[in-house]
Amino acid sequence: MATRNPSLNITPSLKRNHGQQRSAADDELMGARGDWWWTGLKPTACPGFDEEAGVLRSLPLPNTATATRQQVIDYFDNCWTQTEVLFACLQGNNAFYRQPYHQLRHPMVFYYVHPAVLYINKFRVAGLLDEGIDQFIEQLFETGVDEMSWDDLSQSREDWPSIRDCHAYRKTAYDMILRMLKTTPALQGPATWDTPGWAIFMGFEHERIHIETSSVLIRELPLECVRKPEYWPDYHPSSSEPSSAVPKQGSDFPANPLLHVAGSRVVLGKPDDFPSFGFDNEYGRKEIEVPAFRASKFKVTNGEMAAFVRGGGYSAKRWWSEEGWSWRTFRNVKWPTFWVLDGPSGLHRYKLRTLFDAIEMRWDWPVDVCYHEAAAYCAWKTAQDGQVIKYRLITEAEHNLIRSKRDRVDVHLTSGSGAAAAAAPAVGGKGKAAAAVIEIGAVAAGVAAAPAAAAAASNVDMAMEVSGCNAAKVAGANFQLAYGSQSPVTALPPSEAGFHDVFGNAWEWAEDHFAAFAGFKVHPYYEDFSSPCFGGLHHMILGGSFMSTGQLASKWARYQFRPHFFQHATFRLVQSAAVDLSLYDTEAASPEAPILPFFETSCMDAAEPYVGDHPCCSKARRERFTPTREEEVERNNAKLAATKQSYETDALMGQYLSLHFGPLEVAFADYLAEIGILADGLDFPKKCGDMVTSWAAKIGIPTGRALDLGCAVGRSSFEMARMFQQVVGIDLSQTFIDMANQMKADGSVGYRLKVEGDIATEVVAKIDPAIDASRCSFLQGDACALPADLGTFDAVLAANLLCRVPDPALCLKQIADAVNPGGVLVLTSPFTWLEEYTAKAKWVGGTVDEAGNALRCADALKAMMAEHGFSVLEEGKAPLVIRETVRKYQLILAHKLVLQKAK
């Protein structure tokens, strides 16, 4: 049974259930696997087997230009048997067929067979195989699920083949693939993008992807479904050390200072001739000028995250994005997913779920989180540290600047030909792994080194240099299955820039969305690998994890997941440096509302048709960043232009003339006999003008000047002219102002009143001859930027204006300043906020706080006006009916507030 809270589903008990009922089919899937399980080589006979430790580790990533046929076969065997070692952890049929708690992935049985099916299918596409094995299985297991939304719960099929049938398919597939590898001409020369041999290496690296992603699904299974399999690398030695219930910085986890990184140009993209396999998204070119920034020395640890948990970070809405909060509440997440509650929740005692066990909490290991959790922690930590420049996650370009020089993707462009050759030499591991190391630039027997391999000598990829046996020692990284778990963030040496775990241990969530570089091409063998994820919904993960092997551990690797997914991923705090605060409205900034300066991500301005739709995917669209003062003006102008454009159509002019001037017996003939709210909603502009004049008479204020802000075509202004000696009407739309002035000059105007479709009737709008229209003047203007020489007024009307201005608070302040002491102010608004007109941060009410309390617009408006010295004379409803056609009308129930300014 799936649960919304993954922490409740992972470990129903810290003790394994050995008393459960088992079927006969379960027996052979319980405990250690027998020899029947291995469809390829047994682990002890497999390349990559570490004889000293008795475990199977990953081989280095092959050199596609120089690898011998036997080295390719060894790499295949290493991939294939690693899959079977991992799946040997699953205990019983249920572990293979149960659906993941989140229902966003297939059961484990799918991933047991899927890599084998992809080999067969892709090799057929490439012309390496003529026939498949079983068409039903090759369709059923061909395609995994996309990374769906967190609430897009699917139900898995129930007719998966038996494990014995799946095992038989794998055995047949292994034999077929091995025969092909031993004989295919595709391995007689270098494998490149446009040769069939490319599909061979594609199959290997695809399998390695699923070794890692399957390990996450295994980590999400209940403990009774798994056991640590024989031949799997041991957890890091620190996993067995004692742990404190309450972590202390300095003893249980390290302090994590932010280190300065100078700005620099970074060129992203893998050279076409680099001699290792790459998926299509790695190729192309993207240049980014990276400003100076600061980044945390270590990845954020469980110990650091504990402060966020204990401090109520998971229950405080203010730290979360809107989408992140929706995910958190839907899943009812209260602590990181792989923390296992060890006692009452109020004690905050936790164990840590590893792949196969719940161990004592490792406070100095990187915390596993999704993007939403990482972003929330950044917001919380910003406030905790009293910063006005917001902490955020790293970008793909910035990640290159915290690496050692040899590990930058543009090292061959930023240094001399021999600069990168200082990379550590390959060092053999133990047993069969040592003999299988594939050295970069090595020359196959009787074959001259390819030019690509020679060029690669100055551009080292450590994933090609080290196996799991020597990754920690030589590369200083916990990847290639050096360990079967994460390790302390202090365990391995830092990069030349001073940062630990830049590669391996845990992936780093990045701010970049997944996008193509200029020059991107879809590979014909795998058309749907990258491009379906270029929609601005997938965040990049960088640097690999302890489970990353082969190409996943490469410095060129570019992977992504939706922000609610888990993938042995953590994060590092980053903060923009050298920010010119004079460019920003610092009075509005605080640690809880910090400034987020613009920074460029690799997804911005991607080449068509691979453009994301998220605001950060363009340098010109910067909605997620704090605007400078100049940008704020530009944004407000853009919103004003959108508002203005929405009113400047012939159809809308007809609607407003009928609303303001009728005649009622023509425009609203069917409603004249109505009573109640429909009758009250007729002649709204006239009633607004009457409201101002009646209250002016009631409280006895002077009747010199009145202001109609948002006057449209002028009816309320003309009505106020019955009492006031001078009435000024202001509206953003020049078209409306022109019409109001025409009404003033001529006293009437003809217009077309829409009936239905293209049918309209000719109608005449008229001003009451008793009104002295010469008292009115109409000006085009912005309600948020009133003219300096406008003067002050005894009465002001702002009818249904507030929710159509970019800055309501600024508008209200200008209105307040324009009212004379003792003057009257009438405000009506339906509070129909739209972000195309008003950014949500500037709404007056209409929001819900983290405790679920609603701030109603009327209450927020009254509180704001009280601060400006106004008291309430009347509050109520102001209905209005707008005609669109003879059969369609809008009924709006606006809020009405009549105020008087203190004398």
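One-based numbering along the sequence shown.
In this structure the side chain of Ile541 never reaches within 4.5 angstrom of the side chain of Glu508, judged on heavy atoms. Val466 places none of its side-chain heavy atoms less than 4.5 Å from the side chain of Lys473. Under the 4.5 Å side-chain criterion, counting only non-hydrogen atoms from C-beta, Thr66 is not in contact with Pro275. Looking at Val226 and Leu355, their side chains never come closer than 4.5 Å, going by heavy atoms from C-beta outward. Residues Met547 and Leu481 form a side-chain contact, since some pair of their non-hydrogen atoms from C-beta on lies under 4.5 Å apart. Using a 4.5 Å heavy-atom threshold, the side chains of Asn505 and Tyr483 count as separate. Residues Ser485 and Trp365 meet the side-chain proximity criterion, which asks for heavy atoms closer than 4.5 Å. Contact check for His523 versus Trp193: side-chain heavy atoms found under the 4.5 Å cut-off.
Note that Arg33 lies outside the cation-pi zone of Tyr231, set by a 6.0 Å cut-off to the ring centre and a 45° limit from the axis. In this structure, Arg572 forms no cation-pi arrangement with Phe298, as its terminal cationic atom is not both closer than 6.0 Å to the ring centre and no more than 45° off the ring axis. Figure legend: cation-pi geometry between Lys299 and Trp507 absent, as NZ or CZ is not positioned both under 6.0 Å from the six-membered ring centre and within 45° of its axis.
Nearest heavy atom pair, residue Thr81 against residue Lys42, reads CG2-C, 4.3 Å. The two residues Cys370 and Phe565 come nearest to each other via the heavy atoms CB-O, 3.4 Å. Between Leu56 and Pro47, the shortest heavy-atom contact is CD1-O, 3.7 Å. When all heavy atoms of Asn459 and Phe274 are compared, the closest pair comes out as O-CE1, 3.0 Å. Between Gly498 and Lys297, the shortest heavy-atom distance links the atoms O-CG, 3.5 Å. Between Gln480 and Thr549, the shortest heavy-atom contact is OE1-CA, 3.2 Å.
In this structure, the side chain of Asp50 engages the main chain of Ala53 through a donor-acceptor pair within 3.5 Å. Proximity of a side-chain donor or acceptor of Glu287 to a complementary backbone N or O of Leu268 within less than 3.5 Å is not detected. Not a single donor-acceptor pair under 3.5 Å links the side chain of Asp357 to the backbone N or O of Ile359. A distance-only check finds no donor-acceptor pair linking the side chain of Asp501 to the backbone of Phe503 [under 3.5 Å]. The closest donor-acceptor contact from the side chain of Lys555 to the backbone of Arg406 lies under 3.5 Å.
Checked for salt-bridge contact, Lys405 and Glu496 miss the test: no charged N lies under 4.0 Å from a carboxylate O. Between Arg219 and Asp368 there is a salt bridge, since at least one side-chain N of the basic residue sits less than 4.0 Å from a carboxylate O of the acidic one.
Between Phe534 and Phe514, the ring planes lie tilted relative to each other; the angle falls in the 30° to 60° range. Classification of the Tyr283-Trp198 ring pair by plane angle, with boundaries at 30° and 60°, yields tilted. Ring planes of His513 and His539: tilted class, angle from 30 to 60°. Between Trp80 and Phe76, the ring planes are tilted. Angles from 30° to 60° get that label.
Here Ser296 contributes atom OG and Leu258 contributes atom CG; the two are 5.5 Å apart, rounded to the nearest 0.5 Å. Rounded to the nearest 0.5 angstrom, Ile211 CD1 and His206 NE2 are separated by 11.0 Å. Annotation: the span from Glu304 atom CD to Phe253 atom CZ amounts to 6.0 Å, rounded to 0.5 Å. Put simply, CG on Asp461 and CD on Gln551 are 9.0 Å apart, with the number rounded to the nearest 0.5 Å. Between the OG1 atom of Thr192 and the CZ atom of Phe277 there is a distance of 12.0 Å, given to the nearest 0.5 Å. Note: Thr395 OG1 to Phe599 CZ = 7.5 Å, rounded to the nearest 0.5 Å.
Aromatic ring centres of Phe517 and Trp556: separated by at least 6.0 Å. Aromatic rings from Phe201 and Phe204 are positioned such that their centres are separated by under 6.0 Å.
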(request) Apply side chain to side chain contact (heavy atoms under 4.5 Å, CB included) to Asn302 and Leu352, showing your working. (result) CA-CA 9 Å; Asn302 287 308; Leu352 179 65; 4.3 Å; yes
(request) Could you go through the salt bridge (charged side-chain N to carboxylate O under 4.0 Å, His left out) check for Glu396 and Lys286 one step at a time? (result) CA-CA 11 Å; Glu396 185 176 8; Lys286 176 82 172 185; over 6 Å; no
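Remark: Asp407 engages no residue in a side-chain hydrogen bond (donor to acceptor under 3.5 Å, both in side chains) (not counting sequence neighbours). Listed by chain and residue number, Val522 satisfy the side chain to side chain contact (heavy atoms under 4.5 Å, CB included) test with Glu527 (two or more places apart in sequence, or in another chain). In this view, Asp175 and Lys171 satisfy the salt bridge (Lys or Arg N to Asp or Glu O under 4.0 Å) rule, not counting sequence neighbours.
A donor-acceptor pair shorter than 3.5 Å cannot be found between the side chains of Gln82 and Arg57.
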